[in-house]
Amino acid sequence: DQQVKQNSPSLSVQEGRISILNCDYTNSMFDYFLWYKKYPAEGPTFLISISSIKDKNEDGRFTVFLNKSAKHLSLHIVPSQPGDSAVYFCAASTFGNEKLTFGTGTRLTIIP
Amino acid sequence: GAGVSQSPRYKVAKRGQDVALRCDPISGHVSLFWYQQALGQGPEFLTYFQNEAQLDKSGLPSDRFFAERPEGSVSTLKIQRTQQEDSAVYLCASSINGENTEAFFGQGTRLTVV
């Protein structure tokens, strides 16, 4: 069973607009969430994270929102840039269990 | 180097052959993880080390998979008698202490079993 779900396999956004990537989870024990970005033939690169004690974390153009009651998080990128085109993975972990559980990824394409 | 280094980048193995994949984590990182990523999927956890101790191997798909980190730095993932379903990208990641800290990934080893 997929404990972390990214239901949109792909997303296209105009350059300069906001990109919103969504992620849902089923395991209520998850308390730390991360977003990774992956270019072809490279390993995932850490983008931003959020602890379950927060509902928002911001880093430059990237903001992650966490809605614990809905078991939903989202990544907002604004403004979107061509270099943001990549596959984005949502991941989650539980305190005391260091392994990450990943979603299947969303391919983001920024249209110039 | 500054990042996680994996070798080889690409490996083609004949079915039944044994393979060994190497990971050099970031210096000083206590935690080391191995993940398997099949085409079109997200990475899936295989095993986790804290220093030289293998604390979790629950993700290893069969007893053909074996991982070690004897001196608490470099790690090797060994797959015996490879089968076609073992074809995937094998990713290594390291982190300072594992808990609620980001893990840094290597570029991966793409294994193709023919």
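A, B, ... follow the sequence lines: proteins, then strands. Residue 1 opens every chain. For the numbers below, each heavy atom of this structure counts, side chains included, while hydrogens, waters and symmetry mates do not. Quick caveat, the model's predicted, so the values are computed rather than measured.
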To the nearest 0.5 Å, how far apart are CZ in Phe45(B) and CZ in Phe102(A)? 11.5 Å

Please determine whether residues Val19(B) and Phe65(B) belong to a single hydrophobic cluster, defined as Ile, Leu, Val, Met, Phe, Trp and Tyr linked transitively by side-chain heavy-atom distances below 4.5 Å. yes

Atom CD of residue position Glu44(B) - does it have more than 12 heavy atoms of other residues, nucleotides or ligands inside 6.0 Å? no

Let's test your reading of the structure: which of Pro9(A), Pro44(A), Gly105(A) forms the most heavy-atom pairs below 4.5 Å with chain B? Pro44(A)

Grouping I, L, V, M, F, W and Y whenever their side-chain heavy atoms are under 4.5 Å apart, do Leu21(A) and Ile48(A) come out in a common cluster? yes

Could you tell me which portion of Arg110(B) (side chain, backbone, both or neither) has an atom closer than 4.5 angstrom to a non-hydrogen atom of chain A? neither

When hydrophobic residues are tied together by side-chain contacts of less than 4.5 Å, even through go-betweens, does Val87(A) share a cluster with Leu73(A)? no

Determine whether more than 12 heavy atoms belonging to other residues, nucleotides or ligands lie under 6.0 Å from atom NZ of Lys5(A). no

Test of understanding: clusters of I, L, V, M, F, W, Y form through side-chain heavy atoms closer than 4.5 Å, transitively. Do Ile77(A) and Phe89(A) belong to the same one? no

Heavy-atom proximity to chain B below 4.5 Å, by part of Leu100(A): both

Region of Ala93(B) in contact with chain A, defined by heavy-atom distances below 4.5 Å: neither

Could you tell me which portion of Tyr36(A) (side chain, backbone, both or neither) has an atom closer than 4.5 angstrom to a non-hydrogen atom of chain B? side chain

With only heavy atoms counted, which part of Ala41(A) is less than 4.5 Å from chain B, the side chain, the backbone, both or neither? both

Tell me whether Val113(B) is reachable from Leu91(B) by hopping between hydrophobic residues (I, L, V, M, F, W, Y) whose side-chain heavy atoms are closer than 4.5 Å. no

Verify the ring-centre separation between Phe46(A) and Phe105(B): is it less than 6.0 angstrom? no

Heavy-atom pair of closest approach, residues Gln41(B) and Thr104(A): OE1-CG2, 3.6 Å

From Lys99(A) atom NZ to Leu46(B) atom CG, the distance as rounded to the nearest 0.5 Å: 10.5 Å

What part of Ser58(B) lies closer than 4.5 angstrom to a heavy atom of chain A: side chain, backbone, both or neither? side chain

With a 4.5 angstrom heavy-atom cut-off, which part of Gln37(B) approaches chain A: side chain, backbone, both or neither? side chain

Nearest 0.5 angstrom please: Glu98(A) CD to Phe49(B) CZ, how far? 13.5 Å

Might you confirm whether atom CZ of Arg9(B) has over 12 heavy atoms from other residues, nucleotides or ligands at distances under 6.0 Å? yes

How about Glu85(B): does its CD atom have over 12 heavy atoms from other parts shown lying under 6.0 Å from it? yes

